[in-house]
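The structure under discussion appears below in the form of structure tokens.
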Amino acid sequence: MSVGTTLITANTGVPTNSTTRWWDDKSIHWTPESVGGRDFPDVPPHIAAAADEAFRDRSIGTLRSAILMARSVIEATCKDKGVIKGQLAAKIDEMSKQGLIRSFTQDAAHELRFLGNDMAHGDFVDPVDADDADAVLDVMAEILNEVYQGPARAGRMKAKREANKQETGAGTP
């Protein structure tokens, strides 16, 4: 993926019939210089890719895009877990009711939803800053941790303990 803008010096003194190519021009500056995402190895690939995209959006300063993508990730997570009835507010509440997320994560998810709804419905009146985007991404990552990453980590730890127990014939019950 290539995202960015260029700054090309207009009058380089190079004749128009020259064989010099634009990419040889050292006055070109790409912004951003790099794009940073985040890996979610225990999250279903389609959700992990969207979460990574939200972090990449943030890294290049597209804050509204990051917030909207994070909101979409939460909704996709609900659907992936079979929570499909109602608006996102009801889905977040059901995720908490089912024990998939903690109550304070539920509260934070609703805050993410409020801000994300502004983006989803074209209400761009209130400014968005980096702190808003960072908070939203933190909540999104926490939800992915509670729903997918934490259980997968616990499962790997249990499997390793049981494998060790099988090998040694001993272990903690």
Side-chain angles (χ1 to χ4, degrees), residues 1-5 30-164:
M1 179 173 105
S2 177
V3 176
T5 59
W30 286 96
T31 304
E33 292 182 13
S34 66
V35 178
R38 187 161 168 192
D39 188 32
F40 294 93
D42 298 313
V43 174
H46 67 288
I47 297 173
D52 174 60
E53 185 175 333
F55 276 95
R56 286 184 285 124
D57 286 342
R58 169 61 183 98
S59 78
I60 63 171
T62 55
L63 305 179
R64 286 185 176 99
S65 296
I67 291 167
L68 183 54
M69 185 57 68
R71 182 196 184 280
S72 298
V73 165
I74 301 313
E75 185 128 23
T77 299
C78 294
K79 290 177 179 179
D80 182 64
K81 289 301 182 177
V83 179
I84 57 174
K85 291 185 181 178
Q87 300 293 324
L88 183 55
K91 290 173 184 165
I92 291 168
D93 291 341
E94 183 61 26
M95 293 271 285
S96 180
K97 184 178 176 183
Q98 291 185 19
L100 294 168
I101 60 174
R102 296 171 286 183
S103 62
F104 58 86
T105 305
Q106 173 189 11
D107 294 341
H110 282 301
E111 295 305 318
L112 179 156
R113 178 180 60 82
F114 292 135
L115 191 54
N117 282 351
D118 290 347
M119 308 305 114
H121 300 290
D123 298 324
F124 303 127
V125 176
D126 295 328
V128 176
D129 62 27
D131 291 339
D132 293 331
D134 291 342
V136 163
L137 292 176
D138 286 346
V139 172
M140 179 193 73
E142 183 64 23
I143 290 170
L144 294 177
N145 185 57
E146 289 184 26
V147 174
Y148 300 108
Q149 306 273 102
R153 184 174 42 253
R156 284 190 299 273
M157 292 171 70
K158 181 179 180 182
K160 183 176 180 181
R161 178 183 52 80
E162 289 175 350
N164 288 341

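All values derive from a computational prediction rather than experimental measurement. Residues take their numbers from the sequence shown, with the count starting at 1. Values below: every heavy atom of this structure, side chains too, minus hydrogens, waters and symmetry copies.
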Using every non-hydrogen atom in the two residues, find where [X] and [Y] come nearest and quote the distance to one decimal.
| X | Y | answer |
| --- | --- | --- |
| Ser96 | Ser103 | OG-CA, 4.1 Å |
| Gly36 | Ser59 | N-OG, 3.0 Å |
| Ile67 | Met119 | CG2-CG, 3.9 Å |
| Cys78 | Met95 | SG-CG, 3.7 Å |
| Ile74 | Met140 | CD1-CA, 3.9 Å |
| Ala54 | Ala70 | CB-N, 4.1 Å |

Q: Could you list all the side chain to side chain donor-acceptor pair (under 3.5 Å) pairs where at least one residue sits in residues 115-132, not counting sequence neighbours?
A: Arg71-Asn117
Any side-chain heavy-atom pair of [X] and [Y] under 4.5 Å:
| X | Y | result |
| --- | --- | --- |
| Leu100 | Glu94 | no |
| Tyr148 | Thr77 | yes |
| Ile101 | Ile92 | yes |
| Val83 | Gln98 | yes |
| Asp52 | Asp39 | no |
| Gln106 | Lys97 | no |

How long is the span from the [atom1] atom in [X] to the [atom2] atom in [Y], to the nearest 0.5 Å?
| X | Y | atom1 | atom2 | value |
| --- | --- | --- | --- | --- |
| Asp138 | Asn145 | CG | CG | 12.0 Å |
| Arg64 | Asp57 | CZ | CG | 13.0 Å |
| Leu144 | Leu137 | CG | CG | 10.5 Å |
| Asp93 | Gln87 | CG | CD | 12.5 Å |
| Phe55 | Ile60 | CZ | CD1 | 14.5 Å |
| Met69 | Arg56 | CE | CZ | 8.5 Å |

**Q.** Under-4.0 Å salt bridge between Arg102 and Glu142
**A.** yes
Q | Option passing side-chain contact (heavy atoms from CB on, under 4.5 Å) with Arg113 (candidates Leu88, Val136, Val139) | A | Leu88
